[in-house]
Amino acid sequence: MDEFALIKQYFASVGHRRGVDIGVGDDAAVISARSAESWVVATDTLVAGVHFPESEPADAIGYRAVAVNVSDLAAMAAQPRYCTLALTVPNGDPAWFELFIQGFTEAAEAGDLALIGGDTTRGPMSISITVIGSGDPAMLTRRSDAAVGDELLVSGCLGDAAAGLTLLLGDGSPSVHAERLVQRFRRPPNRVALAAAVAALTGAAIDVSDGLVADAGHIAAASQLAIDIDANRIPLSADLLAVYERDAALSLALTGGDDYELLVTAPSAAVGALQNAGFTSIGRCLAGSGVTVNGKALVGADGYKHFGHATG
């Protein structure tokens, strides 16, 4: 099956929505402008062997590729609208595409996304998705809006996805707890509705993709302040603690990444409402710079960097 047949069969019908004048199948998509809103655009590329194991099932790859991009819109408190897909695969195996589009469609529907275009090519596997969202410009959240005295809060639990990836790579024995951790890696949470619900309460916001310490560092740098994290208050799941000792679990939560939970700052007056919405207070914004954990710098916790180390 050539790429044109693949596009027609598998991708042409994913997520139609109002506002798409021309979708998949033409030289470019056409979408109607929304004069009262700001457009919010983000792109992520996932490469086999770098962002996920090459042995991952196709439906898990499709779901995760969409979900991690939607998470960037959630971090900005934007509403997902449209996406494009640039897919490079070694061959046109119909069975693989059937599973991939199943996972892709499930995540796109959960994220309320319409696929409006892209490209399909042959080569080493990589998936590049551009998501387009919209929102009230006065309500969009940024990394640079933290203030000294704000508390640092996070949604959900941390460390599960990093543990799941470690287990996928063969470190651990099968169990119900281990399988749930693997699913947390394969199926990142959708926090779009939560982000929209709390946007008026928060200062800065980011999604936890590179690791708690690293992403707190992005807020600290953008807002020109310091952040101290209280390790004893970091939420850890029962599944994580069933598989790993507490110190190992805490290390995964601090530096593992791939959680795609919301990390926000907020004044003390808003903390109670955020806690009622499912957030946990885990630290505070201070004068200064950088990130500390229990008052001390954590060596080697600056997150994954594709070009961070010299090779060869």
Side-chain angles (χ1 to χ4, degrees), residues 36-44 68-81 130-156 158 188 191-230 234 254-255 257-271 273-275 277-293 297-298 301-308:
E37 295 181 310
S38 292
W39 291 111
V40 183
V41 182
T43 300
D44 261 328
V68 302
N69 279 274
V70 168
S71 184
D72 284 332
L73 296 183
M76 304 287 289
Q79 176 61 46
R81 301 291 179 187
T130 295
V131 287
I132 304 168
S134 63
D136 179 346
M139 297 301 293
L140 296 177
T141 52
R142 297 174 291 184
R143 301 177 181 186
S144 57
D145 287 339
V148 172
D150 280 358
E151 290 198 34
L152 182 73
L153 303 98
V154 70
S155 63
L158 301 180
R191 299 304 189 202
V192 170
L194 178 61
V198 303
L201 301 171
T202 62
I206 193 172
D207 65 330
V208 182
S209 56
D210 296 329
L212 173 60
V213 174
D215 289 313
H218 297 321
I219 290 178
S223 298
Q224 299 183 322
L225 44 69
I227 292 176
D228 184 56
I229 297 170
D230 184 342
I234 295 173
L254 285 166
T255 65
D258 285 322
D259 296 295
Y260 297 100
E261 295 289 355
L262 296 174
L263 185 67
V264 304
T265 68
S268 57
V271 169
L274 287 166
Q275 289 173 328
F279 284 80
T280 302
S281 178
I282 60 170
R284 183 169 291 276
C285 298
L286 310 167
S289 62
V291 176
T292 53
V293 179
L298 195 63
D302 53 351
Y304 182 79
K305 291 184 174 65
H306 289 276
F307 305 104

Any residue meeting salt bridge (Lys or Arg N to Asp or Glu O under 4.0 Å) with Arg284, in chain and number order, not counting sequence neighbours: Glu151

Pairing residues for Ala226 by the side chain to side chain contact (heavy atoms under 4.5 Å, CB included) criterion, not counting sequence neighbours: Leu286

Student check: side-chain heavy atoms of Asp72 and Asp207 closer than 4.5 Å: yes

Ala204 to Ser144 - nearest heavy-atom pair and separation: CB-N, 4.5 Å

Minimum heavy-atom distance Phe279-Leu262, with the two atoms named: CE2-O, 3.9 Å

Heavy atoms from other residues, nucleotides or ligands near CD of Gln275 exceed 12 (cutoff 6.0 Å): yes

Close side-chain approach of Pro188 to Asp258, heavy-atom, < 4.5 Å: no

pair Leu73-Gln79: side-chain heavy atoms closer than 4.5 Å: no

Ser223 (side chain) donor-acceptor with Arg143 (main chain) under 3.5 angstrom: yes

Atom pair CD/CG of Glu37 and Leu140 - distance to nearest 0.5 Å: 9.0 Å

Partner set under salt bridge (Lys or Arg N to Asp or Glu O under 4.0 Å) for Asp44, not counting sequence neighbours: none

Gap between atom OG of Ser155 and atom CG of Leu158 - 0.5 Å precision: 8.0 Å

Gap separating the CG atom of Leu254 from the CD1 atom of Ile234, nearest 0.5 angstrom: 4.0 Å

Shortest non-hydrogen separation from Pro137 to Ser38 and the atoms involved: CB-OG, 3.3 Å

Heavy-atom donor-acceptor pair, Asp215 side chain to Ser209 backbone, under 3.5 Å: yes

Between CG on residue Leu212 and CD1 on residue Ile206, distance to nearest 0.5 Å: 10.5 Å

Met139 CE to Thr141 OG1 distance, which is reported to the nearest 0.5 Å: 9.0 Å

Trp39 to Arg81 - nearest heavy-atom pair and separation: CZ3-CG, 4.4 Å

Counterpart residues, salt bridge (Lys or Arg N to Asp or Glu O under 4.0 Å), relative to Asp230 (two or more places apart): Arg233

Results of side chain to side chain contact (heavy atoms under 4.5 Å, CB included) for Ala196 - residues two or more places apart only: none

Contacts of Thr280 that satisfy side chain to side chain contact (heavy atoms under 4.5 Å, CB included) - sequence neighbours left out: Pro235, Ile282

Heavy-atom check, side chain of Ile227 versus side chain of Ile229, under 4.5 Å: yes

Closest non-hydrogen atom pair between Gly290 and Ala220, with its separation: O-CB, 4.1 Å

Considering all heavy atoms, the nearest Ala266-Leu153 contact: CB-CD1, 4.1 Å

Point-to-point distance, once rounded to the nearest 0.5 Å, from CG of Asp150 to CG of Leu152: 9.5 Å

